[in-house]
Amino acid sequence: MAAAATMLSIQGDWDQVLREAEGEVWVSCKIPGKPTIRGSLTSKGISSDEVPEVTASEEFVVQEVTKNRIPVSCPGENISCTFLSPYASFSHIHEKNVSYLDISSGGDLGVSSSTDQTFKVWETHNTEVKSVLEGHTRDVFSCKFFPSGQEVLSGGLDSLVKVWSVNDGSCLATMKGHRGSILDIAVVANGQNVISSGQDGTARLWDSAQGACIAVVDDSYSPINAIAVAEVGNAVNLGSPKETPSSREVGTEGKLVVLAREDKSLEGVSLHSRQSRWKQGFFCATGKPPPKSPP
């Protein structure tokens with residue numbers, strides 16, 4: 001496992017606060033195994049070309065500030081980082097925290113869900129809401145565009161996986177089978193098949209058009225918090241299916257799905273053969289589930 005890296009962080013609204021007279025924002029340098037170094041940046045005014053004049057507290061240095069970026073360094077730890085201000089801020093789309101978002105392959109559309117119970121598709125160039133996706137009964141935890149940019153895949157707390165039309169916001173398919181919250185989703189190839197993972201410890205392969213479960217790719221004791229699908233070709237021996245795959249299974253050959261579990265383990269599973277190719281973490285080391293905590 002790679003060692004954690006030193007990281008510089010800055011207050012999220014720094015670009016707004018530092019445009020105010022005597023505006024002050026926090027900055028920090030997190031060093032693995034050492035106490036975090038904390039400091040501040042303070043605006044001493046705005047120049048004639050609208051660039052903030054910024055000074056840094058001890059341990060930090062600021063140089064060459066422009067209208068939309070600020071380079072910060074922590075010389076004592078030999079680390080520097082340039083922070084960029086947002087190109088645009090879309091504050092009117094949701095009223096509460098944004099839980100998840102994705103951008104279409106063409107970059108013209110965005111989709112996002114929020115704790116205000118809304119789930120929307122919007123245009124990136126003007127933030128106009130194109131459609132409101134209504135059908136999940138509880139929070140939406142994950143949403144992704146299909147490669148075409150015309151459909152959206154979603155999963156949430158209501159244990160449902162859904163496919164939506166971007167144009168009119170209609171629900172095209174609903175997939176039922178998980179026994180707990182949907183924690184992550186992924187689109188396979190052109191989207192005829194999709195994958196979901198859940199609190200119930202399963203990862204499932206679906207026919208996205210018919211809303212039917214093709215197979216349970218993995219069924220474990222631990223919630224699967226995240227999944228990723230990769231084309232590996234001949235780089236990894238993915239094995240052969242023990243049974244003839246369903247005719248509804250499209251584009252799964254040569255793909256590895258990586259499962260990230262609540263118990264800190266990672267596992268790579270062949271999407272086509274359903275065979276585990278590698279494991280990392282507690283489960284791999286012991287071959288047994290983690291011991292239960294004492295009552």
Side-chain angles (χ1 to χ4, degrees), residues 99-106 109-113 119 121 131 133-167 169-220 223-232 238 241 245-261 267-274:
S99 306
Y100 205 95
L101 67 83
D102 190 29
I103 301 297
S104 64
S105 58
L109 293 176
V111 60
S112 55
S113 61
F119 179 31
V121 175
S131 56
L133 311 180
E134 298 179 325
H136 281 289
T137 58
R138 304 182 73 178
D139 289 355
V140 174
F141 286 163
S142 187
C143 52
K144 286 184 173 67
F145 279 100
F146 281 72
S148 66
Q150 297 304 305
E151 294 87 29
V152 166
L153 180 69
S154 67
L157 190 59
D158 58 5
S159 306
L160 301 178
V161 179
K162 288 178 174 286
V163 178
W164 308 83
S165 166
V166 164
N167 293 324
S170 62
C171 181
L172 304 176
T174 297
M175 288 155 263
K176 302 178 180 179
H178 281 281
R179 302 180 301 278
S181 303
I182 308 299
L183 301 180
D184 203 6
I185 51 176
V187 178
V188 179
N190 64 2
Q192 289 179 262
N193 290 170
V194 298
I195 308 173
S196 60
S197 67
Q199 187 75 28
D200 60 3
T202 68
R204 297 170 182 263
L205 181 68
W206 305 88
D207 178 331
S208 62
Q210 297 185 20
C213 183
I214 298 173
V216 176
V217 178
D218 188 78
D219 189 353
S220 64
I224 302 173
N225 293 334
I227 52 177
V229 179
E231 178 80 46
V232 296
L238 297 177
S246 166
S247 60
R248 294 178 298 171
E249 188 171 328
V250 181
T252 60
E253 299 90 341
K255 292 183 175 62
L256 186 77
V257 56
V258 179
L259 313 173
R261 295 196 177 91
E267 182 173 7
V269 177
S270 168
L271 189 55
H272 192 56
S273 70
R274 323 283 195 252

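Please read these numbers as outputs of a predicted model, since none were measured by experiment.
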Salt bridge flag under 4.0 Å for residues Asp158 and Lys176 | no

Do the side chains of Leu133 and Val140 get nearer than 4.5 Å, heavy atoms only?
-> no

His272/Glu249 under side-chain contact (heavy atoms from CB on, under 4.5 Å): CA gap, chis, key distance, verdict | CA-CA 9 Å; His272 192 56; Glu249 188 171 328; 3.2 Å; yes

Closest non-hydrogen contact found for Phe119 with Ser113 is CD1-CB, 4.0 Å

Quick check: does any side chain N or O of Asp102 sit under 3.5 Å from a backbone N or O of Ser142, one acting as donor and the other as acceptor?
-> no

Would you mind reporting whether Ser105 and Phe145 have side-chain heavy atoms less than 4.5 Å apart?
-> no

Between the CZ atom in Phe146 and the OG atom in Ser104, the distance rounded to the nearest 0.5 Å is 14.0 Å

Under the side-chain contact (heavy atoms from CB on, under 4.5 Å) rule, collect the residues that match up with Pro147, sequence neighbours excluded.
-> Val187

Separation of Arg204 CZ from Asp218 CG (nearest 0.5 Å) | 11.0 Å

Between Ser197 (side chain) and Ile224 (backbone), is there a donor-acceptor pair under 3.5 Å?
-> yes

Sequence neighbours excluded, which residues qualify as side-chain contact (heavy atoms from CB on, under 4.5 Å) partners of Gln150?
-> Ser148, Asn167

Among Lys144, Lys162, His136, find the residue that satisfies the side chain to side chain donor-acceptor pair (under 3.5 Å) test when tested with Ser154.
-> His136

Separation between OG (Ser131) and CG (Leu109), nearest 0.5 Å, reads 8.5 Å

How far apart are the closest heavy atoms of Phe141 and Leu183, and which atoms are they?
-> CD1-CD2, 4.3 Å

